[in-house]
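Protein chains get the first letters and strands the later ones, always in sequence-line order, with residue 1 at the start of each.
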Number of protein chains: 2
Amino acid sequence: MSSIKDVARTVGVSTATVSRALRGLPRVSESTRDRVLRAAADLDYVASPSAAGLAGGRTRAVGVVVPFVSRWFFASVVQGAEAPLREAGYDLLLYNLGGDMESRDRVFASHLLRRRVDAVLVLSLTPSTSEIAELVKLKRPVALVGATVPGWSSVRIDDVDAACTAMRHLLALGHRRIAHIGGSLEGQLDFAAPRDRLEGYRREMAAARLPVDRRWEIASDFTVQGGVRGMTELLALEPAARPTAVFAASDEMAIGAVAAVRRAGLRVPDDVSVIGIDDHEMAEFFELTTVAQPAREQGRLAAAAVLAAMDSSNRPGGVPATHTVPTTLLVRGTTGPPPCDE
Amino acid sequence: MSSIKDVARTVGVSTATVSRALRGLPRVSESTRDRVLRAAADLDYVASPSAAGLAGGRTRAVGVVVPFVSRWFFASVVQGAEAPLREAGYDLLLYNLGGDMESRDRVFASHLLRRRVDAVLVLSLTPSTSEIAELVKLKRPVALVGATVPGWSSVRIDDVDAACTAMRHLLALGHRRIAHIGGSLEGQLDFAAPRDRLEGYRREMAAARLPVDRRWEIASDFTVQGGVRGMTELLALEPAARPTAVFAASDEMAIGAVAAVRRAGLRVPDDVSVIGIDDHEMAEFFELTTVAQPAREQGRLAAAAVLAAMDSSNRPGGVPATHTVPTTLLVRGTTGPPPCDE
DNA sequence: CTGAAAGCGCTTACAG
DNA sequence: CTGAAAGCGCTTACAG
C-alpha cells in the first residue's frame with residue numbers, strides 16, 4: 001500500500017506539499033497540485049486515517065449515539081445525518097445503546113467516544129449529569145436530537161405542542177373520555193419525549209376542564225406490542241370509564257392500539273378514535289391520523305450543526321444552533337366523532 | 001488529556017509495559033498489571049485509537065456497508081451485528097449507500113474503507129467485480145449477508161427455497177393463478193434476493209405445470225408503496241387473468257399489496273391471498289402470512305464470522321464460514337383458499 | 001517480566 | 001509556494 005512518501009518521491013516534492021495539495025489547502029501552485037493529484041491517483045494512494053488523526057488531532061469521524069437503531073424514527077434520523085456527513089468527508093460511528101444501561105455506560109463513561117470522533121450526535125435521550133461531563137471532556141461539538149442541554153446544539157420538535165395538537169384534534173371532534181398511551185417514566189428521566197407528550201395530554205384535558213381517570217394514563221414502551229397491551233387494558237375498563245379516543249405518544253403504539261380495538265371486535269374510528277405522533281412510514285398505509293414530525297430532516301440538521309461547529313472551531317463565535325422543527329396534523333382515517341350514544 | 005507516558009511515569013514503568021498491561025497481554029506480572037490498571041483509571045486514561053492504529057496496524061473498527069439503513073431488515077441486521085462487535089471492543093462504522101450508485105462508488109472504489117477498518121460486513125448486495133477487487137485490496141476479513149462471493153464468509157437464507165416454500169403454501173391452498181411482486185432486476189444484478197425469489201416463483205409454477213402470465217411478474221422496489229402499485233396493476237387485469245394469490249418478495253410489499261386489495265373493495269384472503277417474506281416487525285400485527293427469516297441473527301453471525309477471522313489471522317487456517325439460516329412458514333390471516341367460483 | 005529505541009504515516013509550525 | 005524537522009501517542013521486535 002503506497003504511502004505519502006511514495007507520492008512525494010514520484011512527484012519530486014516533500015511530503016508536506018503532498019499533504020497540502022491533497023487536502024486542498026492554499027499555498028500550493030496549481031501545477032504542483034495537479035501533479036500530486038495525478039500521482040496519488042496513479043499510485044492508488046489513500047491517506048491513513050490513523051496517521052492523519054494522530055498528527056492532526058482530527059479523526060474525520062462523527063459518533064452517533066442512538067437508543068435503538070432498528071426503530072423507524074432512529075433509523076430515519078441516522079439516515080438523515082449520514083448524507084451530509086458523508087458529503088463533508090466524515091465517517092459515521094454508530095453507537096447503538098440497544099436499551100441496556102450497561103452499554104450506555106460504556107459509551108459515555110468508558111469514553112468509547114474519546115479520541116475517536118470529532119463530534120457527537122445524541123439521539124432522543126437527555127444525557128445525565130455525568131454523561132454531560134463525559135461529553136464535555138471530549139471538547140468536541142455535540143448536537144442533540146429530541147433533547148436539550150443548555151449550551152449545545154439541539155434539533156427537536158416541540159413535544160408538548162405536538163401532543164396538544166393531537167389532543168385538540170380529538171377534543172374538537174367531541175371526545176371527552178380520552179386516554180393516553182405513552183412511555184414509561186420510571187428511571188427514564190433521560191427521554192424527554194414521553195414526559196412532554198404526557199404533559200401535553202394533561203394540559204389539554206385540564207384546559208377543557210375534563211377529568212382524567214388515572215387508569216387512562218398508560219405507561220408503555222413505544223412498540224406496537226406495547227400499544228396493543230395498552231389498548232387492551234383500556235378496553236377492559238368498565239363501560240362508563242372506557243375512553244372513546246386514545247392519544248398514543250408514537251405511531252407504533254397507535255398502530256398497536258388500532259389492532260387491539262379491532263381484535264376486540266370494535267371499529268376504528270366508529271367506536272374508538274386513535275391518533276399518534278410521528279408519521280411513521282406505515283402510517284399512511286394504515287390511514288392513521290397523526291402529528292407528523294420530519295425524522296430525516298432532524299438528522300440532517302443535527303449533522304449540519306456539528307459540521308458548522310467544526311468549521312468555525314478556529315473562530316471566536318460558534319453559538320450553538322437550536323432548531324425546533326414544525327409538526328403537522330395529518331387527519332386520516334382513525335379519528336372521528338365519538339359514538340352517538342355518548 | 002493524559003497519555004500513556006503519564007501512566008508510565010505514575011507507575012514507574014515503561015510505556016511498553018503499560019501498553020502490554022492495559023491490553024491484557026501475557027508477560028506482565030500481576031502486581032505490575034494491577035498498578036497500571038489503577039493508575040490508568042485514576043488518570044482517566046484512554047488510549048488514542050489513532051496512535052494505536054498507526055502503531056499497531058489495527059483500527060478496532062468494523063465497516064458495515066448497508067443499502068438503506070432505514071429499512072427494517074437492514075436496520076435489524078445492523079442491530080444484530082452491533083452487539084457482538086461492541087462486546088469484542090470494536091466500533092461500528094456505518095456506510096449507508098442510500099440507494100445511489102455514486103456513494104456506492106465512493107465507499108468501494110474511493111477506498112473510504114481503506115485503513116479505516118479491520119473488517120467489513122456487506123449487507124444484501126453482491127459486490128461487483130471491481131468492488132470485490134477493492135475489498136480484496138483491503139486484506140481484511142469480509143462477511144456478506146444475503147449474498148455469496150467464493151472465498152468469503154457469508155450468512156444468508158436460501159432465497160430460492162424460501163420462495164418455493166411460499167409458493168407451495170399457495171399452491172396447496174388450491175391457487176392456480178399466482179402473481180409475484182418482486183424487485184426490479186434491471187441494472188441490479190447486485191441484489192441476489194430478488195432474482196432468487198423470482199426463480200423460486202417460476203420453479204414452483206413450472207413444477208405445478210401452471211402457465212405464467214407475463215403480467216404476473218411485477219418488478220417493484222421492496223417498499224410498501226411499491227407493493228400497492230404492483231397489486232393495483234394486477235387488479236386492473238381482465239377478470240380471467242386476475243390472480244387469486246400474490247407472492248411478494250418482502251413483507252413491506254406484501255403489506256402494500258394487502259392495502260391495495262382492500263382499497264379496491266376486495267377482501268384478503270377471501271378474494272385475494274397474499275404472502276410475503278421476512279416476518280417484518282409489523283407482520284404479526286397485520287396477520288400477514290409470511291416466510292420468516294431471522295434478521296438480527298444474520299447480523300450476529302456475520303459479525304461473529306469476521307471476529308473469528310480476525311482472531312485467527314495469525315494462524316494458518318481460517319476457512320470462511322458460510323451459514324444458511326433456516327426460514328419458517330408462518331401461516332396467519334392473509335392466505336386462504338381461492339374464491340369458490342374459481 | 002521489563003525497557004530502550006525505532007517506527008507507524010501523517011500534519012504542523014517554522015523558515016525561507 | 002515549498003521543504004526540513006519535529007512530533008502526534010502508541011506498539012513492536014529486540015535485548016536482557
Bracket notation of DNA chain D in which parentheses pair within the strand, [ ] cross earlier pairs, and | pairs with another strand (Watson-Crick or G-U, under 3.5 Å): |||.||||||||.|||
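- Look at B:Lys137 and A:Asp44 and you find a salt bridge, because one of the NZ, NE, NH1 or NH2 atoms lies within 4.0 Å of a carboxylate O, short of that distance.
- Under the 3.5 Å distance criterion, with hydrogens and angles disregarded, a donor-acceptor pair is assigned to the side chains of B:Thr148 and B:Arg156.
- A 4.5 Å side-chain heavy-atom check between B:Val142 and B:Val306 finds every atom pair outside the cut-off.
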Given B:Val145 and B:Val122, is the side-chain contact (heavy atoms from CB on, under 4.5 Å) satisfied, shown in steps? CA-CA 6 Å; B:Val145 173; B:Val122 180; over 6 Å; no
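- At least one donor-acceptor pair closer than 3.5 Å links the side chain of A:Glu131 to the backbone N or O of A:Ser128.
- Nucleotides of DNA chain C with any atom under 4.0 Å from a heavy atom of chain B span, from 5' to 3', C:dC1 to C:dC10.
- Residues from residues 5-12 of chain A that place a heavy atom under 4.0 Å from any atom of DNA chain C: there are none.
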Apply side-chain contact (heavy atoms from CB on, under 4.5 Å) to the pair A:Arg27 and A:Arg20, showing each step before the final yes or no. CA-CA 8 Å; A:Arg27 301 173 175 271; A:Arg20 290 185 199 108; 5.6 Å; no
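- Look at A:Asp118 and A:Lys139 and you find no salt bridge, because none of the NZ, NE, NH1 or NH2 atoms lies under 4.0 Å from a carboxylate O.
- Between A:Asp91 and B:Arg116 there is a salt bridge, since a side-chain N of the basic residue sits under 4.0 Å from a carboxylate O of the acidic one.
- Within the cation-pi definition used here (under 6.0 Å to the ring centroid, within 45° of the axis), A:Arg71 does not qualify as a partner of A:Phe74.
- For A:Arg33 and B:Ser50, each mapped to the nucleotide of DNA chain D holding its nearest heavy atom, the one lying further toward the 5' end belongs to A:Arg33.
- Nearer the 5' end of DNA chain C, as judged by each residue's closest nucleotide, is the contact made by B:Glu30, out of A:Ser19 and B:Glu30.
- Residue contacts shown for A:Ala52 are limited to sugar-phosphate atoms, with no base heavy atom under 4.0 Å away.
- Under 3.5 Å, the side chains of B:Arg23 and B:Ser19 contain a donor-acceptor pair of N or O atoms.
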